[in-house]
Amino acid sequence: MELGDYLPFLGALVGGPICLWLFRMASRLGVIYQLYHKVEAQSPRYGGELVAEVLQAHKVRFLFTLVGGHISPILVACEKLGIRVVDTRHEATAVFAADAVARLSGTIGVAAVTAGPGLTNTVTAIKNAQMAESPVLLIGGSSATLLQGRGALQDIDQLSLLKPLCKFCASVRTVREIVPVLRKAVSVAQSGTPGPVFVEFPIDVLYPYHLVQKELSPKGSPKDTLGKIINWYLQNHLNNLFAGAWEPQVVSPLPVHIPQASSQQVQKSCELLIQAKKPILLLGSQVTLPPTPVEKLRTALETLRIPCFLGGMARGMLGRDCPFHIRQNRREALKDADLVILAGTVCDFRLSYGRILSRRSKIIAVNRDRNQLLKNSDMFWKPTIAIQGDAGAFLLKLSELLEGYLCPQTWIQQLKEGDIRKEDANRKKSGEKTEQHLNPLKVLHHVEDALAEDSLIVVDGGDFVGSAAYILRPRGPLSWLDPGAFGTLGVGGGFALGAKLCRPESEVWIIYGDGSLGYSIAEFDTFTRHKTPVIAVVGNDACWSQISREQVPIFGSNVACNLGYCDYHVIAEGFGGKGFLLTWKEECKMSDIIKEAQQECKKGNATLINVLIGKTNFREGSISV
């Protein structure tokens with residue numbers, strides 16, 4: 001055969017792969033998609049509107065932000081749809097506020113920040129939300145799709161930065177992707193073990209067609225072939241960005257998936273509880289998560305009447321004076337218990353990695369996250385029953401099956417008597433004189449006596465806050481906000497902002513250490529501008545005392561621990577708030593000053609009480625690392 005006889009076969013052999021490659025390139029460039037979906041070049045609509053529509057459909061009421069040009073279309077569109085846009089003085093505060101809203105409302109909390117440094121400023125707050133298992137949606141602006149990696153203003157690889165911190169990360173590449181990507185992000189954030197998610201929005205998917213076209217279009221008509229190819233590429237990219245952008249899409253929420261305990265696991269747990277003589281229930285923050293309403297959970301706990309220790313967001317679950325809520329002597333109680341239920345409580349440093357549990361005790365552990373469920377079980381403790389499921393729903397099922405169950409009263413009485421003795425000793429300690437300034441325990445007891453029944457307490461600090469955890473009694477479910485396992489300083493301003501917006505009629509208190517106050521005192525400007533009055537009590541001992549109390553005895557130096565007795569009350573007034581100074585001279589007027597601060601708050605003024613405090617040996621030996 002001649003060579004010509006092979007040409008049809010060779011053409012088919014070579015042409016097939018080439019055609020396939022061309023088809024793939026055309027699909028990648030959006031050419032195929034554009035054949036079936038039109039570009040509405042004259043439409044005044046913009047991508048920011050789609051973001052706002054999805055948030056509205058998910059019942060988002062607040063969007064926290066620090067403004068930036070990359071995200072302006074989102075902020076404006078949200079405002080038009082009635083979503084309240086709340087701007088803060090630092091991006092971390094915006095995320096902390098979103099975190100607080102997520103915890104208190106049972107929905108997603110949302111923060112939007114601009115590209116580059118705007119995003120990097122949120123890293124600590126996002127990590128805190130991850131460790132606190134809080135469903136936060138972080139929206140980040142970024143440089144235009146074609147300019148990423150080419151040295152554009154504030155352009156960095158944002159996804160690589162956030163992937164270790166978030167359950168889901170995505171970058172929207174066309175306007176038509178906005179709705180499905182956001183719906184998926186919100187669903188992932190709330191499913192399983194809740195946590196933060198991040199969606200990046202390049203600036204050219206948020207602005208209207210005519211403005212993006214103005215930036216993309218080349219100046220003048222190209223004459224050479226390369227110029228014409230580039231011109232076609234840019235026009236095609238523009239068209240692909242907006243092709244099918246305004247076609248109707250479903251914006252309603254996707255299903256949320258939550259693991260549940262099996263009926264067999266619940267039944268076996270019931271059997272262990274019935275046999276127990278000295279059961280204890282440890283509740284962690286997970287019990288406050290949806291879908292179990294906290295009031296329904298409280299009723300279930302009141303039915304079971306098992307002695308309870310409450311931690312994290314579970315503080316306040318049983319109100320101020322519940323007869324089976326035990327607040328003190330946890331270590332001793334756990335050593336004596338024959339059954340311990342860890343409901344959303346983790347065996348990390350807060351439980352001495354599990355060493356605090358007796359090896360004689362049977363242990364039922366319930367947690368949505370398998371890693372947290374079994375943390376340190378390979379070393380210091382072993383669960384009798386390990387349940388990967390929702391702790392709140394598990395307790396509801398337990399109470400339903402154990403209707404009529406009675407916990408041994410002698411056990412409850414034994415624990416409560418120890419509780420009362422310890423609290424009496426703490427109150428006596430508050431009467432001791434300090435070398436200078438006020439006794440911090442006495443101050444906290446006065447705050448406790450002044451708290452209204454609808455109060456919500458935010459804590460942000462080390463030594464002063466550690467003491468407050470022993471003395472202040474949250475009045476009801478979801479009335480205590482602390483950072484969680486990460487121990488982050490600086491949450492106060494953002495948490496209080498989110499809390500006051502969720503519960504505008506409640507008194508919101510921030511218990512600050514003077515060190516932690518420095519992170520968010522500028523948010524008194526935010527409180528003033530957005531009419532969210534709160535009451536801040538600052539334990540001012542001019543020191544990072546949580547660190548100093550160990551550093552000085554061990555190393556003989558107080559280096560880097562000293563602060564000054566600053567006029568924080570004056571700073572608050574500079575930001576539009578109302579400030580009070582409380583020293584030993586006003587000790588006899590302490591209650592009156594606190595009441596005056598409450599009255600100022602009711603008038604709409606954010607209030608700060610700068611309390612000069614001395615040193616005590618209360619909580620001596622508590623950990624700071």
Under 3.5 Å, side chain of [X] to main-chain N/O of [Y], donor-acceptor pair present?
X    : Y    : answer
Q388 : R368 : yes
E523 : T88  : no
T299 : E295 : yes
S516 : G513 : yes
R176 : W246 : no

Nearest atoms (heavy-atom pairs only) where [X] meets [Y]:
X    : Y    : answer
M313 : L478 : CE-CD2, 3.6 Å
N239 : V39  : O-CG2, 3.3 Å
A245 : V175 : CB-CG1, 3.5 Å
K167 : S191 : NZ-O, 2.6 Å
A115 : S142 : CB-CA, 3.7 Å
G493 : T93  : C-CG2, 4.3 Å

Audit row: Y207, E215, side chain to side chain contact (heavy atoms under 4.5 Å, CB included) steps and yes/no = CA-CA 11 Å; Y207 279 78; E215 293 298 319; over 6 Å; no
Using the side chain to side chain donor-acceptor pair (under 3.5 Å) rule, pick out the option among K531, E573, E600 that qualifies with N605.
-> E600
Going by the side chain to side chain donor-acceptor pair (under 3.5 Å) test, name the single residue among N367, T193, T345 that passes it with Q286.
-> N367
State plainly whether the residues R298 and E302 are in salt-bridge range, i.e. N to O under 4.0 Å.
-> yes
Any Lys/Arg nitrogen of R45 or E53 sitting under 4.0 Å from an Asp/Glu carboxylate oxygen of the other?
-> yes
Side chain proximity check, C166 to Q130, heavy atoms < 4.5 angstrom | no
Could you check D525 against R89 for salt bridge (Lys or Arg N to Asp or Glu O under 4.0 Å), going step by step and ending with a plain yes or no?
-> CA-CA 8 Å; D525 168 64; R89 298 299 297 267; 3.0 Å; yes
Going by the angle between their ring planes, with limits at 30° and 60°, are F64 and F62 parallel, tilted or perpendicular?
-> tilted
Checking side chain to side chain contact (heavy atoms under 4.5 Å, CB included) for the pair E133/Q372: CA distance, chi angles, key distance, verdict?
-> CA-CA 11 Å; E133 301 174 346; Q372 300 286 38; 4.1 Å; yes
With V86, which of L497, T532, T65 fulfils side-chain contact (heavy atoms from CB on, under 4.5 Å)?
-> L497
Using the side-chain contact (heavy atoms from CB on, under 4.5 Å) rule, pick out the option among L206, D204, T145 that qualifies with V212.
-> D204
